[in-house]
Structure formats: structure tokens, C-alpha cells
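Before any comments, here is the structure.
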Amino acid sequence: EARALFHRGTVLAWVDSEGSRAASIEGMTLSQRLDDPFLRASAEGHAVYWQLHLNGARVADVRKAEQIVADARVADDRELLAQSTVVVALVQIARSDLRAAAQTAAEGMEIGRDIGNAYMCLWCYTMRVGALLQLGEWGAALAAIDEGLRIGAENHFASLLRSQLASLHS
């Protein structure tokens, strides 16, 4: 049930911020009552996301998000790895560590693709493109946009990639 709440919170993040936050909080509360370290790691990832979203990124958030990625790798929990890689890239972007964010997002694209999670994969494409644009790497950003549009269906991420493409040309 807690895992389902976290999935709901993740998907709602783009369209219903308050619904997303409520689902995440409910999942975090439920996870505290369960003896599941990976569920707790997922809860911590959601806590880092909401810390970032509501108050900005702290150095401690980078370390916490990177630890969740390391734990997910050890446990071979690919879903948690995909989710936590997104959180690391978001925190890196917020801390202006754009080169690391572009690399982390590229890793997240591969993880999302490997597990068949188009949502996480395409979210990572948009973060990679955003980081590359801020770094002034127009050619790499354009290539990432083209690749993301090829693999992405008509959805929010394809629209965001087209918007990034338009800003590149302006």
C-alpha cells in the first residue's frame, strides 16, 4: 500500500502538487510502521523531493539522495534506483552541479529504459536537456531532445522536450 502511495505521489507531481504531497506524506507515515528498509528508503527519497520542492536543496540532501541510490544498487531494486536517480539529478540541478546532473540524468534514462518505466526515463531526458542547455552544450542538448522525442509518446514530457527545443532555437 505504501509503495502504491509513493507511485501515485510521483505521477501526481506533474499535475496535482497537493495530491502528490498528500500521497507522499501518507506513504511516508505508513512506511514508518513497517519493517522494510527499502520502503523507508523510498520514503526518504520522497522527503528529499519535497524538501527540495518546498525549501530548496541542502548539501545534506545530496548525500541522502546518493545514499538511497547506493542502497538501491546493493538491493538491486531497479524501481527504487530509477526513482532515487531522478531525485539525485533534481538535487544536483538545484545545487547548480549541472555536469553531474547531466550525467546522473543519463544514467537515469538508461535505468528507466531498462525497467520499462517511460515516466522516469523521459523525466530524466528533460533533466539532462535542461542541464545541457544551462551548460551551453547545444549540440548535446539537441541530440538528447531528438532521442527523447523518438522514444516518447505524446505526453507531458514530449511537450516539455518540444518546448526545450523551441528555446534552443530562439
Q. Got a second to check how far E137's CD is from L142's CG, nearest 0.5 Å?
A. 13.0 Å
Q.
Let me check something: do L81 and Y119 share a hydrophobic cluster, defined by ILVMFWY side-chain heavy atoms less than 4.5 Å apart, either directly or through other members?
A. no
Q. Would you say the side chains of T104 and Q92 form a donor-acceptor pair under 3.5 Å?
A. yes
(Q) As an exercise, state the distance from CG of L135 to CG of L98, rounded to the nearest 0.5 Å. (A) 4.5 Å
Q: To the nearest 0.5 angstrom, please state how far the CG atom of L132 sits from the CD atom of Q134.
A: 10.0 Å
(Q) So that I can tick it off, tell me whether R128 and E107 are bridged by a salt bridge, with the cut-off set at under 4.0 angstrom between side-chain N and carboxylate O. (A) no
Q. Which value, rounded to the nearest 0.5 Å, describes the distance between I111 atom CD1 and Q83 atom CD?
A. 12.0 Å
Q | Ionic contact status for R113 with E110, cut-off 4.0 Å | A | yes
Q: Any chance you could measure I145, atom CD1, to Y125, atom OH, to the nearest 0.5 Å?
A: 12.0 Å
Q | Step-by-step salt bridge (Lys or Arg N to Asp or Glu O under 4.0 Å) determination, R58 to D61 | A | CA-CA 5 Å; R58 303 169 300 189; D61 297 327; 2.9 Å; yes
Q) So, do V88 and V62 sit near enough that their side-chain heavy atoms are less than 4.5 Å apart? A) no
Q) When rounded to the nearest 0.5 angstrom, what distance separates CD in Q67 from OG in S84? A) 10.5 Å
Q) What do the steps show when you test V69 against E66 for side-chain contact (heavy atoms from CB on, under 4.5 Å), and what is the final call? A) CA-CA 5 Å; V69 167; E66 289 172 342; 5.5 Å; no
